[in-house]
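Below you'll find the structure, written out as structure tokens, and then a few comments.
FYI, side chains are in, hydrogens and waters are out, and symmetry mates aren't considered; it's all heavy atoms of this structure. Being a predicted model, the structure only gives us computed values, none of them experimental.
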Amino acid sequence: MALPAATRAAVGLCRIAASASAPPPASPAAGGRKRERERELPFALAERGMVVGGHRGMGMNAVGAPPGARVGAARERENTLLSLGRAAAHAAVAFVEFDVQVTKDGCPIIFHDDFILTQGADAVYERRVTDLLLEEFLSYGPQKESRKVSKPLLRRTGDGRVLNWSTEEDDSLCTLQEVFERVSPRVGFNIELKFDDNIIYHRKDLECALQAILQVVSHNARDRPVFFSSFHPDAARMTRELQSLYPVLFLTEGGTSKHHDARRNSLNDAIRVCLEYDLHGIVSEVRGVLKNPAAVVRAQESNLALLTYGQLNNVWEAVYFQYLMGVNGVIVDRVEEISNAVAAFSKPDYSGGGAGEDGAKHQAFSQQQLGFLLRFIPELIEQRH
């Protein structure tokens, strides 16, 4: 893949950083397998430059977020046909990201949290989503049939508070089957395979859930671009083993938090996981990439796709810098704003003036400016978080 001039400048500076702090090289066998395999990237990333994905559709819902907040204040309920469909309607959106779990009776459904909460007559009731039958799960929130009584949805915040989960525009909970049937086939699907960090899963349990999801995908995907992602390294590996048609990416927080599973603790660990399990790429928390820009080069050299998620992806300047670094795609909450920005600075400028060799409409950074940013941004992130 030919890199733009500004990106090559960033890559050159990243190589200097990598030479000082490079991890031990992957085994020759793993590296050989990766080099020999043709690059199988979601949505032809090598040709499209940077792609944009809608996070849970038009963006996540952060209960308690103030009106007008940049993140978490999506009008639509996340992970619903309404939200996913609206994101798909934006021409600059390449894919929508959503979370899939499997009910007790084996039906893949769309829901992010491990637990679902509702208000009873005298108390808050909380159930694990995967312990529910499909009919029970669909009884929460707005109902498709007016004769059915809905259970109000509550949500637990990061600090433990339980708040009413209300949105300006509501919609019913839905299944993976419905999403394939109702969301425009033009848009790709990033199916996040959700598993609880606090549970140790036996292989047969993982395989049972994954087979249920793969069955729906294989029967309904047709020509739609689809790729999988998961924070659970064993689920990612098994998904790769169970099928070879759809790319599998490993989700990581990129070293921004610590886990008992060492495979999840850094971008370098994520690259090793991908090479060992023959995965297609990484979806990292954006701060992990900005703190470790040399990892972009290592991912490219390892033939891995690199996408990011996180709050900084709702700031177009941060997304533009990732574009210059060579990041393949971003998952965002401010879908319209960021997808339009990426479309603008990715579009070739044929006027012949001021755009730089890469054709971006925004002014490209000089090598000196990129060097300053590569040194300054990791320090800034450390100070703010």
Side-chain angles (χ1 to χ4, degrees), residues 30 33-34 40 42 56 79 97-116 126-134 136-137 173-180 189-221 226-254 257-266 269-285 304-305 307 309 331:
R33 287 196 305 271
K34 186 58 62 176
E40 308 166 72
R56 308 180 198 173
N79 278 329
E97 180 271 352
F98 52 85
D99 309 279
V100 176
Q101 304 183 57
V102 177
T103 60
K104 188 176 181 179
D105 48 349
C107 183
I109 50 89
I110 313 300
F111 199 75
H112 174 271
D113 299 358
D114 296 319
F115 292 87
I116 193 166
E126 184 174 24
R127 298 282 304 277
R128 182 178 293 280
V129 171
T130 53
D131 286 343
L132 297 172
L133 300 174
L134 175 62
E136 293 176 300
F137 171 74
L173 302 181
C174 62
T175 66
L176 179 60
Q177 174 87 27
E178 290 176 305
V179 171
F180 271 105
F189 283 173
N190 170 196
I191 300 175
E192 181 180 341
L193 308 167
K194 292 288 293 186
F195 295 96
D196 191 335
D197 286 345
N198 298 309
I199 293 179
I200 298 176
Y201 292 91
H202 297 292
R203 180 181 175 89
K204 64 179 180 63
D205 296 324
L206 284 177
E207 184 169 355
C208 184
L210 294 174
Q211 289 283 23
I213 294 168
L214 290 172
Q215 183 175 20
V216 173
V217 174
S218 64
H219 289 168
N220 294 276
V226 172
F227 69 99
F228 297 101
S229 61
S230 184
F231 282 105
H232 196 297
D234 294 323
R237 175 174 56 182
M238 290 184 63
T239 305
R240 182 72 174 107
E241 294 170 350
L242 290 169
Q243 58 82 45
S244 59
L245 185 59
Y246 305 108
V248 182
L249 278 66
F250 182 45
L251 267 162
T252 177
E253 288 164 323
S257 64
K258 289 295 181 183
H259 293 271
H260 65 275
D261 189 333
R263 295 173 293 179
R264 296 180 56 179
N265 282 333
S266 73
D269 293 325
I271 291 173
R272 281 190 286 267
V273 165
C274 288
L275 295 178
E276 182 178 351
Y277 300 161
D278 200 27
L279 307 182
H280 298 84
I282 297 165
V283 185
S284 173
E285 215 287 346
L304 299 172
L307 284 72
Y309 71 93
I331 298 170

Between atom [atom1] of [X] and atom [atom2] of [Y], what is the distance when rounded to the nearest 0.5 Å?
X: Thr239; Y: Leu214; atom1: OG1; atom2: CG; answer: 6.0 Å
X: Ser284; Y: Ile271; atom1: OG; atom2: CD1; answer: 9.5 Å
X: Phe228; Y: Ile213; atom1: CZ; atom2: CD1; answer: 7.5 Å
X: Ser218; Y: Leu242; atom1: OG; atom2: CG; answer: 11.5 Å
X: Arg237; Y: Asp278; atom1: CZ; atom2: CG; answer: 12.5 Å
X: Cys174; Y: Leu176; atom1: SG; atom2: CG; answer: 8.5 Å

Looking at every heavy atom in both [X] and [Y], which two are closest together, and how far apart are they?
X: Leu132; Y: Asp105; result: O-OD1, 4.3 Å
X: Phe250; Y: Arg263; result: CE2-O, 3.6 Å
X: Ser229; Y: Val283; result: CB-CG2, 4.4 Å
X: Thr252; Y: Arg264; result: OG1-O, 3.8 Å
X: Leu307; Y: Phe227; result: CD2-CZ, 4.1 Å
X: Asp269; Y: Ala262; result: OD2-O, 3.1 Å

- Identify, with sequence neighbours excluded, every residue that meets side chain to side chain contact (heavy atoms under 4.5 Å, CB included) alongside Gln215.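 Gln215 satisfies side chain to side chain contact (heavy atoms under 4.5 Å, CB included) with His219 only.
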May I have the list of side-chain donor-acceptor pairs in residues 107-116 shorter than 3.5 Å, sequence neighbours left out?
residue : atom : partner : partner atom : Å
His112  : NE2  : Arg56   : NH2          : 3.0
His112  : NE2  : Lys194  : NZ           : 3.4
Asp113  : OD1  : Arg155  : NH2          : 2.9
Asp113  : OD2  : Arg155  : NE           : 2.9

- Task: Would you please test Phe137 and Arg127 for side-chain contact (heavy atoms from CB on, under 4.5 Å) and show each step?
- Result: CA-CA 10 Å; Phe137 171 74; Arg127 298 282 304 277; over 6 Å; no
- Can you tell if the side chain of Phe98 reaches within under 4.5 Å of the side chain of Glu192, non-hydrogen atoms only? no
- Item | Minimum side-chain heavy-atom gap Tyr309-Glu253 below 4.5 Å |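 Yes. Closest side-chain heavy atoms under 4.5 Å.
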- Message: For a side-chain contact (heavy atoms from CB on, under 4.5 Å) check, start with the C-alpha distance between Asn220 and Gln177, then their side-chain angles and the critical distance, and finish with the verdict.
- Response: CA-CA 8 Å; Asn220 294 276; Gln177 174 87 27; 3.1 Å; yes
- Would Glu136 and Lys104 satisfy side-chain contact (heavy atoms from CB on, under 4.5 Å), going step by step from the backbone distance to the final call? CA-CA 10 Å; Glu136 293 176 300; Lys104 188 176 181 179; over 6 Å; no
- Donor-acceptor contact present, side-chain Arg240 to main-chain Val248, <3.5 Å: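 No: the side chain of Arg240 does not pair with the backbone of Val248.
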Using residues 198-210 as the side-chain source, report each donor-acceptor pair under 3.5 Å to any protein atom, sequence neighbours left out, with the distance given to one decimal.
residue : atom : partner : partner atom : Å
Tyr201  : OH   : Asp196  : N            : 2.8
Arg203  : NH2  : Glu241  : OE1          : 3.4

